[in-house]
Amino acid sequence: MTGRLALILRRVVQAIPILLAIVIINFLLLKLAPGDAADVLAGEAGSATPEYMAELRAKFGLDQPVPLQLAQYVGRVLMLDFGYSFRHEMPVIDLILARLGPTLILMVTTIVIAVGSGVLLGLLAATGLNTWRDNLISILALVSYATPLFWVGLMLIVVFSINLGWFPTSGMEEVAAFHTGWDRVWDIAHHLVLPAVTLSLFYLALYTRLMRASMLEQAGMDYVVTARAKGLSERRITFRHVLRNALLPVVTMAGVQVSSLIGGSVIVETVFGWPGLGQLAFESLFARDLNLLMGIFLLSAMLVLVVNLAVDILYTFLDPRIEAR
Amino acid sequence: MGRHSRILAALGLSLGLVAAHPAPGALAQTRGGTLVMVTVPEPPTLASYLSTSGPIGQVVAKVYEGLIDVGPGFEIKPSLAESWSMSDDGLSITFKLRQGVTWHDGKPFTSADVQYGIMNVLREVHPRGGATLKVVESVETPDDHTAVLKLSEPAPYLMVSLNGYESPITAKHLFEGTDPRNNPTANAPIGTGPFKFVEWQKGQYVRLDRNDDYWQEGKPYLDRVVVRFIADASTRTAAIESGEVHYGAFGSIPNIDVPRLADMPEIEVTTKGYEYVAPMMQLQFNTTKAPFDNALVRKAIATAVDRQFVIDNVWFGFGKPATGPIHSAFEPTGLYTTEGVTDFINVDDRIAKANAMLDEAGLARGADGIRFSMIHDLTPYGEEWRRFGEYVKQVLAELGIAAELRYEDVPTWLKRVYTDYDYEMSSNWLYGLPDPVLGVHRQYHSNQIRPGTVFVNGTKWSSPETDALMDAARIENDPAKRAEIYHEFQRKVVDATPIIFMHELEFTTVHNTKVKNAVMGPLGVYHSFADVWLEE
């Protein structure tokens, strides 16, 4: 246990220079993009006087030299102040937090469905190697992995929203009704079905393939032969020995994916009008809303660090031979 | 028999009239219901006094009102002002304000709001206000319900621009002593309009509820307006098809889906309601770069491009060939003309004529048949603009001009055209707005060559004659004389062709047939929706 604690402490200390480097590199990269937020705002307005443009730039702090802008930004971030989005006239942190909930709802549901059914399908395929079951699952996985996400989403909308009328086309809530309490929970769940299924289909294929391969690899190991020689039942060998070992690569993969969780999925959010962070980041890039974009980047960088640490610790539980050092 | 047929004829006539002009009030309006409309993209803020960005206006025009309203045919109608009169010299306009109007927070609306709103908010921070309202030297308030605008020079374009979309009147008690650029109402507007702002779930919707204390008796008819934001075009189409969304304007339903939707019995499509913005599509040159500094070269390309072909094949038939710098929506006001204006629309043997002009300009073809190479920048607003660029590239190839297409993102392109002037020819589109002073002068006047300011004179072309014409038209209050000036202006500009006028863009408003009074004049979706009602 002390090993794990030391690991956490060391990682936190290591994280600080990494985050600082990320902030600086992101800032400089974004500054390379031509045009600025004032150009975009004026462009959308369709017209603007030069005085108005100059005022905007002064208000955004864009009239200052770049090194000074960077220094000011880093200074604020160190005080845990993510800054202000002039485009939205709102603090960045409020904007991000408002989108965090919907993003987590969608991504957690997706990961649970994808990992859960992926592991199950991979298991089924591996235990029935080269039978019709294996072939069917493998073909399904291949097809769903190869189909473009936006197309799957639109087809689901055409079939289930327009033709059958079972699910709403888009959004997170029924806007004409404004439900409250449990009705609202049910309403959100209803809206969640299509986007979560669309996104899951893609990841599910990944986990199915990974789980199947991993199971097959483990099944050929010496320890399985030993277990069988001991006279253990196939069921016990599969679940007690092979499964646990086979899960390691899946956990690694899931860890990587959870890290990208905060980024959301631009495509699925766009197609289903889901108010997630992916869309927010996408829009703010084209609007040159740097404060907001940097805030999202910083938050996702932090999440990557935290999740990586969590995965490393999870390994030690799954496989006691791996030590936390 | 004869008598009967006369009666029947009279009946038929009156029925026909009713069908042709469904006057508001002719049908029995029902109260209640929620109108769901879709707006794209999601507006950055709801501060229409701070930005003229289209999506902002679509939402907030329901919350804020102006002194006047714009009716069909650009008729100036009362709104917050009940009546008005102009002094003979045109230097003072007296507005009688409506009594008993309250802000959504319950405070009374008075002439002090008009004074503060115009002088301290719109004139200071509105992107066009600085130019439009520059002539307003002061606003006098002899009593609570009278506001007198004192002008430095006559301004024939001023009245029409005092509508709720262009010049929203804001509450003095919320703005006084603050910087209007950082006012909390930017995300939670408080106005006098038919709908009150309730909440904005970013990324999802804005909710506006009925203002029960609205000054127009019995209006609005709707209980609620919800504006939804859906980023994907196909999903928006699906949402209007499934009935989840009732209303979408400004191309929020993509043109490619419009003909199919128009055939559906529960959906209606109209191209009306955009006369106020009068959008025009153009190809503009950097007239300081050879060979485009030669008017003959510009005119050769203007001759070669087939406007009707572009409308039919790229813009799905939505559009009307443009004849010059002034939009044909100005025909009722007399400002628009085609008389004596070089005609690029009805031309035979376009390519042969254009080639002859280029030969005359001394641009001989090389051994490979190429006269010169150039880069054609495309307006980064989507697919149709790309298709248009591809068409232009083909036409140019027939003229012996090798064109390379460049498609960048919006900020990069704006900077290239309006700050760096680092381009040769670019497609573009601009609003004509309800008066040439507001929408047209900015592209041609020499004092509008302003690096870093977007959608002004990006061609760097100007001439002393056209400058003088625009200066005269700006202060001419006599409509007939003013029309004469603009006719001459159109002839001069088209003769120089710093810009090829391609076509007048037609946007579509797609709405469910349940929605009645969906478009109530030139402002279209920028209208207050006080008259909109839902059947059932």
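Values below: every heavy atom of this structure, side chains too, minus hydrogens, waters and symmetry copies. Each chain gets a letter, A, B and so on, in the order its sequence line appears, and its residues count up from 1.
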Contact between [X] and [Y] at the side-chain level, heavy atoms closer than 4.5 Å - yes or no?
X        : Y        : value
A:Ser161 : B:Glu241 : no
B:Glu244 : A:Pro168 : yes
B:Asp232 : A:Leu154 : yes
B:Gln201 : A:Met172 : no

Which of A:Gly153, A:Ala54, A:Ser170 touches chain B most, by non-hydrogen pairs under 4.5 Å: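 The residue among A:Gly153, A:Ala54, A:Ser170 with the greatest pair count is A:Ser170.
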Contact leader toward chain B among A:Thr270, A:Leu280, A:Asp289, where contacts are heavy-atom pairs under 4.5 Å: A:Thr270
Quick check for you: among [options], which has the greatest number of heavy-atom pairs under 4.5 Å with chain A?
options                                : result
B:Gly203, B:Pro411, B:Gly33, B:Pro451  : B:Pro411
B:Thr235, B:Val125, B:Thr34            : B:Thr235
B:Lys415, B:Glu124, B:Arg207, B:Arg224 : B:Arg207
B:Ala186, B:Ser242, B:Ala238           : B:Ala238
B:Val410, B:Asn187, B:Asp179, B:Val277 : B:Asn187
B:Thr412, B:Asp223, B:Val36, B:Ile230  : B:Thr412

With a cut-off of 6.0 Å (strictly less than), are more than 12 heavy atoms of other residues, nucleotides or ligands near [atom1] of [X]?
X        : atom1 : value
A:Phe167 : CZ    : yes
B:Tyr421 : OH    : yes
A:Arg184 : CZ    : no

Which atoms of A:Leu95 approach chain B - backbone, side chain, both or neither, heavy atom under 4.5 Å: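 A:Leu95 touches chain B through side-chain heavy atoms alone.
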Portion of A:Glu174 that has a non-hydrogen atom of chain B nearer than 4.5 angstrom: neither
Trace of the salt bridge (Lys or Arg N to Asp or Glu O under 4.0 Å) decision for B:Asp409 with A:Arg288: CA-CA 11 Å; B:Asp409 76 347; A:Arg288 302 282 192 268; 3.1 Å; yes
Side-chain (B:Arg228) to main-chain (A:Gly273) donor-acceptor, under 3.5 angstrom: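 Such a contact is absent between B:Arg228 side chain and A:Gly273 backbone.
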Proximity breakdown for B:Leu50 and chain A, heavy-atom pairs closer than 4.5 Å: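 For B:Leu50, heavy atoms of backbone and side chain both lie under 4.5 Å from chain A.
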